[in-house]
J.: 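Below you will find the structure I want to go over with you.
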Amino acid sequence: MKPKIFIDGEHGTTGLQIRARMAGRSDLELLSIPEAERRNAAMREDLLNGADIAILCLPDDASREAVAMVAGNNRVRIIDTSTAHRVAPDWAYGFAEMDKAQPTKIRDARHVSNPGCYPTGAIGVIRPLRQAGILPDGYPVTVNAVSGYTGGGKQMIAQIEDENHPDRISAPHFLYGLPLKHKHVPEMKMHGMLERAPIFSPSVGKFPQGMIVQVPLYLDDLAAGATLESIHGALVQHYAGQSIVEVVPLAESAKLGRIDAAELAGKDTMKLFVFGTPGGAHVNLVALLDNLGKGASGAAVQNMDLMLSA
Ligand SMILES: NC(=O)C1=CN([C@@H]2O[C@H](COP(=O)(O)OP(=O)(O)OC[C@H]3O[C@@H](n4cnc5c(N)ncnc54)[C@H](OP(=O)(O)O)[C@@H]3O)[C@@H](O)[C@H]2O)C=CC1
Ligand SMILES: CC(=O)N[C@@H](CCC(=O)OP(=O)(O)O)C(=O)O
């Protein structure tokens, strides 16, 4: 029998992209709710309970409600794309490349939380350096990022694309999260293995999909002897043997004059760069991804496939 998959929130930004990735998959049976019934709790509860894997593409509160709807049903496994369960100890964090043991944890989990888009980039560059002993305890990490506007879901898409929207956003690029309490900070801290919460400054650009996450570091505040090469080497070693996260060779990065935030739009991969001048004092770690690809829907499908491989 084919595994039954229900995407709760399938008519939203993340849900639609997951559905598009599943189109043409003859190995799955997709359970679907008509768009007009998307908030019909009784119908959702039936579909959730009829699924082998339910993928939640909902706001945090609605995700918690959906999990409660299947609480008595041990058969249903869940992938939650919201922030609701990303630091919950009994949920597997769905970033398969962050640790050698992670694919097995995801494969065998009943509950998987899909990582945030920004944390995928930040954890992607920070965690390998923590594990390699290069980024010391207590280092004051900062994370600066720009996202495509689809990261704000249907509401922000309308604010940017609809010229008649009452709360229209016309800025070509804007900062937000200004009180420095963004909902992604706890997962960056936990899964980045950081002692101190990073200072996270997000922004949005007037392009639909794509993301740049930057983590600049002072070399002389890292472990003794840290260089561009040793940092790059730690990333290369960490990501050896998989095909989703690419660590761009130092020589190639050195030739780049600029990074295009939308370069990986439509792709489910992530590129990591190490920038700086040999012998210089600073290094800038950069992650490039699609906020809806490896940052959301691509990762959800990757996690679903891992879970189905159990
Ligand atoms: N967009 C992105 O880049 C990323 C998003 N995520 C996360 O994915 C989740 C979904 O985000 P996104 O797709 O962008 O959001 P959207 O607003 O685009 O879509 C959410 C969908 O959920 C529906 N919905 C809202 N409340 C309920 C409810 N109580 N019961 C049933 N359905 C409901 C919405 O319906 P309606 O149209 O009626 O509001 C809509 O169809 C969020 O938790 C978000 O944080 C994670 C990573 C990246
Ligand atoms: C541009 C924008 O608004 N981005 C969202 C994050 C993307 C998202 O909703 O994803 P998570 O579920 O990972 O939070 C935000 O900053 O709240």
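Quick note: numbers below take in every heavy atom, side chains included, and nothing from hydrogens, waters or symmetry partners. Whatever order the structure lists ligands and atoms in, that order sets their numbers, starting from 1.
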J.: Just wondering, are more than 12 heavy atoms of other shown residues or ligands nearer than 6.0 Å to CD1 in Ile199?
T.: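 Count not over threshold, so no.
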J.: With respect to Gly151, determine whether any N or O atom, backbone or side chain, lies less than 3.5 Å from an N or O atom of ligand 2.
T.: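 N/O-N/O distance below 3.5 Å exists for this pair.
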J.: Heavy atoms only: give me the nearest Asn291-Pro208 pair and the separation to one decimal.
T.: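 Of all heavy-atom pairs spanning Asn291 and Pro208, the closest is OD1-O, 4.1 Å.
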J.: What residue and atom, counting heavy atoms only, is the protein's closest point to atom 2 (C) of ligand 2, and at what distance?
T.: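 For atom 2 (C) of ligand 2, the nearest protein heavy atom is Tyr176 OH, 3.2 Å.
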J.: Give the numbers and elements of all ligand 2 atoms closer than 4.0 Å to a heavy atom of Lys183.
T.: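 Within the 4.0 Å cut-off of Lys183, ligand 2 contributes 9 (O), 14 (O), 17 (O).
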J.: How far is atom 14 (O) of ligand 2 from the closest protein heavy atom, and which atom is that?
T.: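 Going atom by atom, the protein heavy atom closest to atom 14 (O) of ligand 2 ends up being His184 NE2, 2.5 Å.
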J.: Is there a side-chain contact between Ile33 and Glu10 (heavy atoms, below 4.5 Å)?
T.: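 Side-chain contact under 4.5 Å: yes.
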J.: Please list, in number order, the atoms of ligand 2 under 4.0 Å from a heavy atom of Val204.
T.: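 In order of number, 1 (C).
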J.: Does any N or O atom in His182 lie less than 3.5 angstrom from one in ligand 2, N or O only?
T.: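 Yes; at least one N/O pair falls below 3.5 Å.
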J.: What ring-ring contact (aromatic ring centres under 6.0 Å, His included) pairs are there with at least one residue in residues 278-304, not counting sequence neighbours?
T.: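 Counting only pairs at least two positions apart or across chains, the ring-ring contact (aromatic ring centres under 6.0 Å, His included) contacts touching residues 278-304 are Tyr218-His282.
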J.: Which heavy atom in His11 sits nearest to a heavy atom in Arg38, and how many Å separate them?
T.: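 Smallest heavy-atom distance, with atoms named: CD2-CB, 4.2 Å.
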J.: Checking a contact table here: which protein heavy atom is nearest atom 12 (O) of ligand 2, and how many Å away?
T.: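 Ranking protein heavy atoms by distance from atom 12 (O) of ligand 2, first comes Arg86 NH2, 2.8 Å.
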J.: Any idea which atoms of ligand 2 are less than 4.0 Å away from a heavy-atom of Gly116?
T.: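 So the atoms of ligand 2 that pass are 13 (O).
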J.: Could you list which atoms of ligand 2 come closer than 4.0 Å to a heavy atom of Thr81?
T.: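 Ligand 2 atoms under the 4.0 Å threshold to Thr81: 12 (O).
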J.: Would you mind running through ligand 2 and noting each atom that sits below 4.0 Å from a heavy atom of Gly152?
T.: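 Near Gly152, the atoms of ligand 2 are 1 (C), 2 (C), 3 (O).
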J.: Enumerate the salt bridge (charged side-chain N to carboxylate O under 4.0 Å, His left out) contacts for residues 171-196, please, sequence neighbours excluded, ordered by first and then second residue.
T.: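 The answer is Arg86-Glu187.
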J.: Under the side chain to side chain contact (heavy atoms under 4.5 Å, CB included) rule, collect the residues that match up with Met69, sequence neighbours excluded.
T.: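 Met69 satisfies side chain to side chain contact (heavy atoms under 4.5 Å, CB included) with Ala41, Arg44, Glu45, Leu48 once adjacent residues are dropped.
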J.: Mind checking whether Cys117 has a heavy atom under 4.0 Å from ligand 2?
T.: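 Yes, Cys117 has heavy atoms under 4.0 Å from ligand 2.
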J.: Would you say Ser201 and Leu175 make side-chain contact, with heavy atoms under 4.5 Å?
T.: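 The answer is yes; the side chains approach within 4.5 Å.
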J.: Has Asp60 got any heavy atom lying under 4.0 angstrom from an atom of ligand 2?
T.: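 Not so, Asp60 does not reach ligand 2.
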J.: Walk me through it: do Met211 and Thr120 pass the test side-chain contact (heavy atoms from CB on, under 4.5 Å)?
T.: CA-CA 10 Å; Met211 176 166 281; Thr120 299; over 6 Å; no
J.: Tell me which part of Ala296 gets within contact of ligand 2: side chain, backbone, both or neither, using heavy atoms under 4.0 Å.
T.: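 Neither; nothing of Ala296 gets under 4.0 Å from ligand 2.
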J.: To the nearest 0.5 Å, tell me how far Asn114 CG sits from Asn303 CG.
T.: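 Here the rounded value is 5.0 Å.
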J.: Under 4.5 Å between side-chain heavy atoms, counting indirect links through other Ile/Leu/Val/Met/Phe/Trp/Tyr residues: same cluster for Val245 and Val215 or not?
T.: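 Linked, Val245 and Val215 end up in one cluster.
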J.: May I ask you to list the atoms of ligand 2 that are less than 4.0 angstrom from any heavy atom of Thr83?
T.: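 Selected atoms, number and element: 12 (O), 14 (O).
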J.: Of the side chain and backbone of Asn291, name the one, both, or neither that has a heavy atom under 4.0 Å from an atom of ligand 2.
T.: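 Within the 4.0 Å criterion, Asn291 makes no contact with ligand 2.
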J.: Please evaluate residues Tyr149 and Glu161 with respect to the criterion side chain to side chain donor-acceptor pair (under 3.5 Å), reporting the C-alpha separation (whole Å), side-chain torsions for both, the decisive distance (0.1 Å), and the verdict.
T.: CA-CA 10 Å; Tyr149 62 79; Glu161 292 184 353; 2.6 Å; yes
J.: Tell me which one of Thr227, Val248, Val283, Leu250 satisfies side-chain contact (heavy atoms from CB on, under 4.5 Å) with His232.
T.: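 Testing His232 for a side-chain contact (heavy atoms from CB on, under 4.5 Å) against Thr227, Val248, Val283, Leu250 leaves exactly one candidate, Leu250.
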J.: Could you list each N/O atom of ligand 1 together with any protein N/O atom closer than 3.5 Å, one pair per line with the distance?
T.:
unit_1: ligand 1; atom_1: 1 (N); unit_2: Thr150; atom_2: O; d: 3.0
unit_1: ligand 1; atom_1: 3 (O); unit_2: Asn291; atom_2: ND2; d: 3.2
unit_1: ligand 1; atom_1: 8 (O); unit_2: Thr81; atom_2: OG1; d: 3.1
unit_1: ligand 1; atom_1: 13 (O); unit_2: Thr13; atom_2: N; d: 3.3
unit_1: ligand 1; atom_1: 13 (O); unit_2: Thr14; atom_2: N; d: 2.8
unit_1: ligand 1; atom_1: 13 (O); unit_2: Thr14; atom_2: OG1; d: 2.9
unit_1: ligand 1; atom_1: 18 (O); unit_2: Thr13; atom_2: N; d: 2.9
unit_1: ligand 1; atom_1: 18 (O); unit_2: Thr13; atom_2: OG1; d: 2.6
unit_1: ligand 1; atom_1: 18 (O); unit_2: Lys154; atom_2: N; d: 2.9
unit_1: ligand 1; atom_1: 26 (N); unit_2: Arg39; atom_2: NH2; d: 3.3
unit_1: ligand 1; atom_1: 30 (N); unit_2: Arg44; atom_2: NH1; d: 3.3
unit_1: ligand 1; atom_1: 35 (O); unit_2: Arg38; atom_2: NE; d: 3.2
unit_1: ligand 1; atom_1: 37 (O); unit_2: Arg38; atom_2: NE; d: 3.2
unit_1: ligand 1; atom_1: 37 (O); unit_2: Arg38; atom_2: NH2; d: 3.3
unit_1: ligand 1; atom_1: 37 (O); unit_2: Lys154; atom_2: NZ; d: 2.5
unit_1: ligand 1; atom_1: 38 (O); unit_2: Arg38; atom_2: NE; d: 2.9
unit_1: ligand 1; atom_1: 38 (O); unit_2: Arg38; atom_2: NH2; d: 3.1
unit_1: ligand 1; atom_1: 38 (O); unit_2: Arg39; atom_2: NE; d: 2.8
unit_1: ligand 1; atom_1: 39 (O); unit_2: Arg39; atom_2: NH2; d: 3.0
unit_1: ligand 1; atom_1: 41 (O); unit_2: Gly12; atom_2: N; d: 3.4
unit_1: ligand 1; atom_1: 43 (O); unit_2: Leu58; atom_2: O; d: 2.6
unit_1: ligand 1; atom_1: 45 (O); unit_2: Lys183; atom_2: NZ; d: 3.4

